[in-house]
Amino acid sequence: MTVPFMTPDPQAIADSNLADFARHAGMAGCDYAALHRWSVTDLEGFWGAVWEYFDIDADTPYERVLAEETMPGARWFPGATLNYAAHHALRNAADDAVAIIALDETGSCYEVTTARLRAQVASVAATLRELGVGKGDRVVGYLPNTPHAIVAFLAAASLGAVWSVCGQDYAPKAAANRFAQLEPTVLIAADGYLFNGTGHDRRDAALELAGALPTLKATLLVNHVGLPWPSRAYPSLAVPWEDAVTRTEELACTPVPFDHPLWVVFSSGTTGLPKGIVHGHGGVLLEHLKTLGLHSDLGPGDRLLWYTTTHWMMWNLVASTLLTGATTCTYDGSPAPLTRPDILWKLAARHRVTVFGTSPQYLLGMAKSGIDPSVYDLSSIRVVGCTGSALPASAYPWVRDHVGDRVLLASISGGTDVVSGFAGSAPNTPVWAGELSAPHLGVALAAYDAEGLPVVDRVGELVVTRPMPSMPLYFWNDPEGTRYRDAYFSSYPGVWRHGDWITVTGHGSVIVHGRSDSTLNRNGVRLGSADIHDVVERLPEITEALVIGAEQPDGGYWMPLFVVLAAGATLDDALREKIRDAIRTGASPRHVPDEILEVPGVPHTRTGKKLEVPVKRLLQGAPVEQVVNPGVVDAPDLIEHYARLGAERRSRKSAEV
């Protein structure tokens with residue numbers, strides 16, 4: 001068996017929520033493998049124990065845990081009525097406890113106590129109610145990651161309304177592509193946001209967005225960056241946030257069925273309109289209590305700081321941190337602003353953060369920039385969570401050496417689809433560099449081969465063979481469920497196929513190789529793109545890489561590697577050979593690229609995922625308008641660059657013929 005990079009401290013295991021949960025469930029000891037086996041073989045026993053352990057406050061009890069085990073369409077906790085908002089710090093924490101710490105890239109902050117949060121949620125809920133918002137109506141936010149977004153979300157949820165939010169770096173048209181599908185009653189918009197030392201004015205964008213939503217009855221105007229809202233005619237009633245949030249009201253949460261819609265989160269929408277993925281009150285409540293309370297071991301006294309924007313599913317987890325009684329930190333700004341690139345570490349030290357969350361690109365960027373977080377007192381950090389893409393093995397020693405040798409580096413893989421994780425770490429799991437420690441509790445994860453059979457120590461499709469409570473209720477505007485079934489259940493009927501290549505190892509960990517629809521298939525030998533990116537991006541001369549395997553009209557296969565160079569580096573023959581050698585020895589000699597090309601950048605979705613499939617289709621000659629919506633790309637100008645590269649290559653090939 002491979003030697004783990006790190007093993008957990010026995011005392012930390014004994015003191016963890018997970019050990020307490022195991023005792024509550026009558027499990028001897030706290031062996032993770034045994035806990036996981038129980039959690040996926042006895043779904044009713046496990047999820048019933050989660051319900052009891054976290055003392056779910058139901059207005060009416062459930063009839064049974066799982067009435068119908070089908071995918072899609074599992075029926076969880078029928079008969080139960082509850083409300084997600086009733087389980088936040090609004091229920092358990094002391095009035096003077098700090099619920100939210102609002103941070104930004106300037107280093108400034110303010111705190112929101114439980115009492116203040118409860119009062120603000122009650123006030124905004126009363127305002128929404130007076131504006132005609134009730135059970136099932138939609139409330140949408142065009143907001144940065146600040147306490148305003150959490151207050152607005154909880155207020156909507158308390159009424160049984162359905163919430164959706166996106167960040168203000170989305171253009172009004174891109175935001176409208178999402179929100180107009182929902183036919184919302186109220187829009188809540190901020191005057192702007194901070195990024196890289198600049199306050200970005202979004203007042204005109206908010207007005208344009210409001211004009212694109214004909215069903216609005218009102219727009220609540222948040223003053224965040226200090227820009228006065230101009231007096232102008234809004235297409236709906238304009239209500240200052242201060243008027244909405246300063247009323248004296250008592251909070252009352254509307255009981256709703258377990259599967260009543262809580263929020264709509266949207267797919268990246270790289271082609272066509274983004275898919276609206278609907279999750280329910282009860283499923284999210286249980287899944288997030290399990291993920292945050294057991295896997296991340298969060299509870300009263302803990303503080304979580306996870307860099308995210310409001311349109312990434314990690315924001316939903318940031319908001320749900322309050323379910324555990326822990327403090328959540330919101331952050332407005334760049335993760336590494338030019339003038340203070342280590343600001344997140346500084347803030348983590350100052351505010352005694354216990355769980356610090358980020359992305360692989362951030363950790364790799366810190367290492368390449370020579371930034372040393374250990375100049376700050378990071379002794380409070382016990383978990384560094386990392387998600388968004390596969391975390392390469394090279395990042396693990398850097399975290400150990402620069403953050404702390406007892407810090408649990410929790411690489412996590414999940415999705416907006418389930419608004420949670422499929423695999424990651426727990427307080428009692430070893431850590432293997434470059435691997436996710438284990439499937440999450442309650443996740444019947446497997447790797448399937450082409451015949452639909454589970455395989456170990458071989459690459460296969462990530463599948464989930466039994467239902468999870470947070471699987472989508474449905475897609476918005478998909479009344480027959482056709483798009484939903486096609487998205488996850490068309491390959492293996494009754495089994496969730498997520499679209500990732502993974503390996504389940506013999507020692508129980510999970511290795512993520514990248515999206516299965518962007519697999520590199522050279523001469524029948526398949527390799528995940530993440531395996532190439534890992535070895536190339538370790539090189540000091542390379543800032544980022546993108547490898548594509550594109551089938552050609554003549555039956556050929558073109559596999560270019562695009563690289564973004566670090567400052568001062570030159571893509572000469574020596575560097576090209578260095579890259580090829582790194583791939584031969586570190587990934588696969590069969591997957592050395594046909595060409596290595598310098599590019600000004602790699603396009604991503606606004607949640608940070610590389611646009612591998614859209615770039616592949618552009619290189620193959622598909623029109624831009626059929627491939628990607630520029631409004632959802634972090635650097636839209638790059639799309640034309642790759643389209644032009646594909647056109648130039650096709651022209652050369654045609655001339656050669």
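For the numbers below, each heavy atom of this structure counts, side chains included, while hydrogens, waters and symmetry mates do not. A quick note: this is a predicted structure, and the numbers were derived from the prediction, not measured.
Heavy atoms only, all atoms of each residue included: Asp417 and His279 are closest at O-NE2, 2.8 Å. In terms of heavy atoms, Val65 sits closest to Gly48 at CG2-CA, 4.0 Å. Closest approach of Pro341 to Ile371, counting heavy atoms only: CB-CD1, 3.6 Å.
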Under the side-chain hydrogen bond (donor to acceptor under 3.5 Å, both in side chains) criterion, do His507 and Glu435 qualify, and how do the steps go?
CA-CA 11 Å; His507 52 265; Glu435 304 176 13; 2.9 Å; yes

Candidate pair Asp377 and Arg352, rule salt bridge (Lys or Arg N to Asp or Glu O under 4.0 Å), full reasoning:
CA-CA 9 Å; Asp377 178 8; Arg352 307 302 294 162; 3.4 Å; yes

Thr308 and Tyr331: side-chain hydrogen bond (donor to acceptor under 3.5 Å, both in side chains), yes or no, with the steps?
CA-CA 8 Å; Thr308 184; Tyr331 177 82; over 6 Å; no

Go through the steps to decide whether Thr291 and Ser420 satisfy the test side-chain hydrogen bond (donor to acceptor under 3.5 Å, both in side chains), and finish with yes or no.
CA-CA 7 Å; Thr291 299; Ser420 185; 3.0 Å; yes

Pair Thr416-Ile277, side chain to side chain contact (heavy atoms under 4.5 Å, CB included): steps then yes or no:
CA-CA 8 Å; Thr416 301; Ile277 303 169; 4.2 Å; yes

Report the C-alpha distance between Tyr376 and Arg350 in whole Å, list the side-chain angles of each, state the deciding distance to 0.1 Å, and finish with yes or no for side-chain hydrogen bond (donor to acceptor under 3.5 Å, both in side chains).
CA-CA 9 Å; Tyr376 303 112; Arg350 179 188 301 167; over 6 Å; no

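For the pair Arg138 (side chain) and Val186 (backbone), a donor-acceptor distance under 3.5 Å is absent. The backbone N or O of Leu194 sits nowhere less than 3.5 Å from a side-chain atom of Thr198 that would complete a donor-acceptor pair. A distance-only check finds no donor-acceptor pair linking the side chain of Asn196 to the backbone of Ser334 [under 3.5 Å]. When atom types are taken as modelled, the side chain of Ser39 and the backbone of Leu441 share no donor-acceptor pair closer than 3.5 angstrom. Listed for the Ser380 side chain is a donor-acceptor partner under 3.5 Å among the backbone atoms of Val353. Side chain of Thr324 to main chain of Ala326: a donor-acceptor pair is present (N/O by atom type, distance under 3.5 Å, no hydrogens or angles). A side-chain donor-acceptor contact under 3.5 Å links Ser16 to the backbone of Ile13. Using modelled atom types, one side-chain atom of Thr321 and one backbone atom of Val318 make a donor-acceptor pair closer than 3.5 Å. Although no hydrogens or angles enter the test, the distance criterion places a donor-acceptor pair under 3.5 Å between the side chain of Asp191 and the main chain of Gly226. Side-chain N or O atoms of Asp500 include none that pairs as donor or acceptor with a backbone N or O of Ile502 at under 3.5 Å.
Residues Tyr53 and Asp20 bring a donor and an acceptor atom of their side chains to less than 3.5 Å of each other. A donor-acceptor contact closer than 3.5 angstrom links the side chains of Tyr84 and Ser320. Checking Glu544 against His604 by side-chain atom types alone, a donor-acceptor pair falls below 3.5 Å. Judged purely by distance below 3.5 Å, without hydrogens or angles, the side chains of Thr354 and Asp302 pair a donor atom with an acceptor atom.
Residues satisfying the ring-ring contact (aromatic ring centres under 6.0 Å, His included) test with Tyr396, not counting sequence neighbours, are Phe5. Among residues two or more places apart in sequence or in another chain, the salt bridge (Lys or Arg N to Asp or Glu O under 4.0 Å) test is passed with Asp332 by none. In terms of the ring-ring contact (aromatic ring centres under 6.0 Å, His included) criterion, Trp312 has no residue partners (sequence neighbours excluded). Legend: residues meeting ring-ring contact (aromatic ring centres under 6.0 Å, His included) with Trp38, ordered by chain and number and at least two apart, are Phe46.
You'll find the side chain of Ile188 reaches within 4.5 Å of the side chain of Leu143, heavy atoms only. Side-chain contact check for Val50 versus Phe21: some heavy-atom pair is nearer than 4.5 Å. A 4.5 Å side-chain heavy-atom check between Met6 and Leu409 finds every atom pair outside the cut-off. Side-chain contact between Leu82 and Asp57 is absent, with no heavy atoms from C-beta onward closer than 4.5 Å. A heavy-atom distance below 4.5 Å is not found between the side chains of Met313 and Val265. For the pair His351 and Cys109, the minimum side-chain heavy-atom distance is below 4.5 Å. Side-chain atoms of Pro144 and His224, non-hydrogen and from C-beta on, do get closer than 4.5 Å to each other. With a 4.5 Å cut-off on side-chain heavy atoms, Leu363 and Thr358 count as touching.
Atom OG1 of Thr328 sits about 8.5 Å away from atom CG of Leu305, to the nearest 0.5 Å. Rounding to the nearest 0.5 Å gives a distance of 4.0 Å between OG of Ser411 and CG of Leu436. Atom CG of residue Leu347 and atom CZ of residue Arg340 lie 9.5 Å apart, to the nearest 0.5 angstrom. Summarising the geometry, atom CG belonging to Leu298 is positioned 5.5 Å from atom CG belonging to Leu292; distances are rounded to the nearest 0.5 Å. How far CG of Asn428 is from CG of Asp31: 7.5 Å, rounded to the nearest 0.5 Å. Atom OG of residue Ser470 and atom CG of residue Leu262 lie 11.5 Å apart, to the nearest 0.5 angstrom.
Aromatic rings of Phe77 and Trp47 (six-membered ring for Trp) have centroids beyond the 6.0 Å cut-off, not under it. If you look at Phe258 and Trp76, their ring centroids are not closer than 6.0 Å. Between His440 and Phe422, the ring center distance fails the sub-6.0 Å criterion.
Using cut-offs of 30° and 60° on the angle between ring planes, the pair Trp263 and Phe153 is tilted. Using bins of under 30°, 30° to 60° and over 60° for the plane-to-plane angle, the ring pair Phe195/Tyr193 lands in the perpendicular bin. Between His281 and His260, the two ring planes are tilted [angle within 30° to 60°]. Aromatic ring orientation, Phe179 versus Phe266: perpendicular (interplanar angle above 60°, classes split at 30° and 60°).
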Pairs of donor and acceptor atoms involving the side chains of residues 157-168, under 3.5 Å and at least two apart or interchain, shall be tabulated with distances.
from, atom 1, to, atom 2, distance (Å)
Ser158, OG, Ala155, O, 2.7
Ser164, OG, Val264, O, 2.9
Gln168, NE2, Tyr142, O, 3.3
Gln168, NE2, Ala190, O, 2.7

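Shown are Val418, Val40, Val464; of these, the side-chain contact (heavy atoms from CB on, under 4.5 Å) with Val443 is made only by Val464.
Residue pairs meeting the side-chain hydrogen bond (donor to acceptor under 3.5 Å, both in side chains) criterion with at least one member in residues 97-107, sequence neighbours excluded, are Asp104-Thr106, Asp104-Ser108, Thr106-Ser108.
Comment: Asp95 does not engage Arg116 in a salt bridge, judged by the lack of any side-chain N to carboxylate O separation of less than 4.0 angstrom.
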